[in-house]
Structure formats: structure tokens, C-alpha cells
Amino acid sequence: MASIVTYKYIKQNPDIMEYIRRADKALEALGYTEHSFAHVERTAQVTSMVLEELGYDERTVELARIASIMHDIGNVINRADHAQSGAVMAFRLLDNLSMPASEICSIISAIGNHDEGTGLPLDPISAALIIGDKTDVRRSRVRNHDLLTFDIHDRVNYAVERSTVKFNEDKSSLILDLEIDTEISSVLEYFEIFLGRMLLCKRASQYLGVKFEMVINGSHVL
């Protein structure tokens, strides 16, 4: 059974857009970095790039985009267990759009497994979503503009001057390439916050049959 539900369709759905908006507002109230449209769209971009470069079919890529844009809606309920609650919310929303069960399963499985505390790559979509989500580190995610009151999450994200996710020439490795201002945050601080996420990216990349590498200021660190 074919589905009319596309990434473009989801982005034009006012209810889903409201859940994304309100989920980000909840995190803003808790002092978290940006998790709104910029984050989910960047996640979708990287997620789809990974699958396209590895030769996955168009519909698989489209489902990965949909999972990416919806992956953080569970934050509207609570930050704790937001991956699982978001998966349940996505099930209801997509079921109401008459999406086939096989496609809903792929999306909610990816959403429910994107968090480093509980998630694992179970299929290509969930693996790609993990990579797209966890590699989104950038200065523009920091909401706090007072450097004197930065916490470690603010410092680490604000220190990132450039962030690129790309394959090497023969597509045997997926590389997160960062330029970090070490006057703002040290490389050690980056790993203090993001080590669990980077190890999950490594596991997700291995599921997809490639290595995960990390380059900071021109040096390989993972």
C-alpha cells in the first residue's frame, strides 16, 4: 500500500509543527539548547545524505526525513524518556494520516531509539537518525547570549565554529569534522559532554557498514 505522507506533507501539517514548536519551548524553559525547526531540519538533511550516499532507495530516505523532523516531539511531555513518548505520539499522528503500518513501524522505531541513554541502531533509518541528531553541534544552538553564565553545554556548542558531516572519497568512513575555538571550550570538555553520543554514532555507522571518524581542528580524535 502506497502512502501519500511525505516530508513536505509533514512540514505543512499544522498540528505536527505545533508539537515541534511546543517541545522546543519546553526545553527552552528548562535551559536546554535549541531543539526547534533548525535542529530537526538539519537532522533530516544529514540523515538523508547518509542514506542517499550509501545507495538506499528513495522511500527509505523519505521515511528517514519524516522520522528526523518528528524525532523530538516527545519533549513536549517531558525530557525524560522523550524518545519513547515521542514514538507513541508519532504513531498516533501518522496512523491518523492513514500511513501504512510498515512505514509507521520504521519511523517510530527510529524515534524511539535516537537517544543515547536507551537507543540502538536497529535498521538503516534508526542508524541514520542517530547520526543526524547526535552530530548537530553548532554555535547557533546556544540560546544564552551571556558568556559569563554559560554552562558546559553552552560553552561546548558555542565553541564550534564549523561543523560538517561527510563521507571520505570511497565512502568507507563517515566523518564529523569540527573547528572548535579552544579559548571557549577545550576538546576534553567536548568529550565530557558528547562521548556517549559519539560512541552511539560509531555504533550506528558500523551498522551501516562504515567507520565513524571525528576530526577536531584538523586532528583525528576518534
Side-chain angles (χ1 to χ4, degrees), residues 5 7 10-11 13 15-44 46-47 50 63-97 99 101-138 141-144 151-154 156-157 191-207 212:
V5 182
Y7 178 64
I10 293 293
K11 286 186 67 176
N13 184 295
D15 292 340
I16 294 173
M17 293 303 101
E18 182 65 11
Y19 285 125
I20 294 170
R21 190 176 296 108
R22 290 291 296 273
D24 181 56
K25 281 289 183 187
L27 291 185
E28 183 178 15
L30 294 171
Y32 281 81
T33 53
E34 178 267 321
H35 283 70
S36 190
F37 299 108
H39 170 59
V40 296
E41 288 175 2
R42 180 182 172 111
T43 299
V46 172
T47 299
V50 169
L63 294 178
R65 287 193 183 103
I66 294 169
S68 295
I69 201 162
M70 299 180 72
H71 78 275
D72 269 340
I73 58 175
N75 285 304
V76 75
I77 296 174
N78 198 293
R79 179 63 178 173
D81 301 320
H82 75 281
Q84 290 76 26
S85 55
V88 175
M89 290 171 65
F91 163 77
R92 175 168 179 140
L93 290 162
L94 297 172
D95 188 50
N96 285 344
L97 296 175
M99 185 179 242
S102 61
E103 295 192 344
I104 294 176
C105 284
S106 294
I107 290 170
I108 63 176
S109 180
I111 293 173
N113 279 280
H114 82 268
D115 187 67
E116 64 270 19
T118 55
L120 291 170
L122 303 179
D123 58 21
I125 293 174
S126 60
L129 175 57
I130 286 167
I131 294 164
D133 179 41
K134 301 311 172 193
T135 57
D136 184 19
V137 53
R138 53 189 158 83
R141 293 194 72 180
V142 179
R143 306 182 203 263
N144 182 5
D151 64 14
I152 188 170
H153 291 86
D154 292 331
V156 167
N157 279 279
F191 275 102
E192 184 179 341
I193 295 299
F194 289 117
L195 180 59
R197 300 178 197 183
M198 296 301 98
L199 292 176
L200 187 56
C201 284
K202 184 177 181 180
R203 192 163 187 173
S205 298
Q206 287 172 340
Y207 183 94
F212 181 75

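Reckoned from all heavy atoms, side chains included, excluding hydrogens, waters and symmetry mates.
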Could you check if a side-chain atom of I107 sits within less than 4.5 angstrom of a side-chain atom of I125, using non-hydrogen atoms only? no

Test: salt bridge (charged side-chain N to carboxylate O under 4.0 Å, His left out). Region: residues 77-95. Which pairs qualify, not counting sequence neighbours? none

With K202, which residues qualify under salt bridge (Lys or Arg N to Asp or Glu O under 4.0 Å), at least two apart? none

Does some side-chain heavy atom of I69 sit less than 4.5 Å from a side-chain heavy atom of I20? yes

For L63, is there any backbone N or O sitting under 3.5 Å from a side-chain donor or acceptor partner on Y7? no

Sequence neighbours excluded, the answer for side-chain hydrogen bond (donor to acceptor under 3.5 Å, both in side chains) partners of N144 is T149

Looking at every non-hydrogen atom in both residues, tell me the closest pair between I108 and A87 and how far apart they are. CG2-O, 3.3 Å

Looking only at non-hydrogen atoms, find the nearest pair between A110 and A67 and report the distance. CB-CB, 4.2 Å

Distance alone, cut at 3.5 Å: any donor-acceptor contact between the side chains of H35 and N75? no

Not counting sequence neighbours, which residues clear side-chain hydrogen bond (donor to acceptor under 3.5 Å, both in side chains) with T47? List them please. S68

Nearest 0.5 Å, please: how far is CG in L97 from CD1 in I10? 5.5 Å

Pair T118-N113, side chain to side chain contact (heavy atoms under 4.5 Å, CB included): steps then yes or no: CA-CA 7 Å; T118 55; N113 279 280; over 6 Å; no

State which residues pass side-chain contact (heavy atoms from CB on, under 4.5 Å) with R22; sequence neighbours excluded, sorted by chain then number. E18, V76

If the condition is side-chain contact (heavy atoms from CB on, under 4.5 Å), which residues does D151 pass it with, not counting sequence neighbours? H153, D154

Can you tell if the side chain of L93 reaches within under 4.5 Å of the side chain of I73, non-hydrogen atoms only? yes

Suppose we screen for side-chain contact (heavy atoms from CB on, under 4.5 Å). Which residues come up paired with L199, at least two apart in sequence or across chains? L195

Does any part of the side chain of S85, heavy atoms only, come nearer than 4.5 Å to the side chain of N78, both counted from C-beta? no

Considering residues at least two apart in sequence or located in another chain, which fulfil the salt bridge (Lys or Arg N to Asp or Glu O under 4.0 Å) criterion with R138? E34, D136

Residues in side-chain hydrogen bond (donor to acceptor under 3.5 Å, both in side chains) with D123, at least two apart? S126

Report the residues that fulfil side-chain contact (heavy atoms from CB on, under 4.5 Å) with R197, sequence neighbours left out, ordered by chain and then residue number. E116, K134, F194

Rounded to the nearest 0.5 Å, how far does CG of L129 lie from CD1 of I66? 12.5 Å

Please enumerate all residues that pass ring-ring contact (aromatic ring centres under 6.0 Å, His included) together with H82, with sequence neighbours excluded. H114

For a 4.5 angstrom cut-off between non-hydrogen side-chain atoms, does F37 reach R21? yes

Taking atom OH of Y19 as the centre, does the number of heavy atoms from other residues, nucleotides or ligands within less than 6.0 Å exceed 12? no

Any side-chain heavy atom of R203 within less than 4.5 Å of one from F212? no

By salt bridge (Lys or Arg N to Asp or Glu O under 4.0 Å), D24 pairs with (sequence neighbours left out) R143

Output the distance between atom CD1 (I193) and atom CE (M198), rounded to the nearest 0.5 Å. 12.0 Å

With side chains defined as the heavy atoms from C-beta onward, is the minimum distance between R141 and R42 less than 4.5 Å? no

Value for CG (L120) from CG (L200), rounded to nearest 0.5 Å, stands at 7.0 Å

What pair of heavy atoms forms the shortest contact from P124 to Y207, and how long is it? N-CE2, 3.7 Å

Starting from the C-alpha separation in whole Å, work towards a yes-or-no answer on side chain to side chain contact (heavy atoms under 4.5 Å, CB included) for I77 and M89. CA-CA 10 Å; I77 296 174; M89 290 171 65; 3.7 Å; yes

How long is the straight-line distance from SG of C201 back to CD1 of I130, given to the nearest 0.5 Å? 7.5 Å

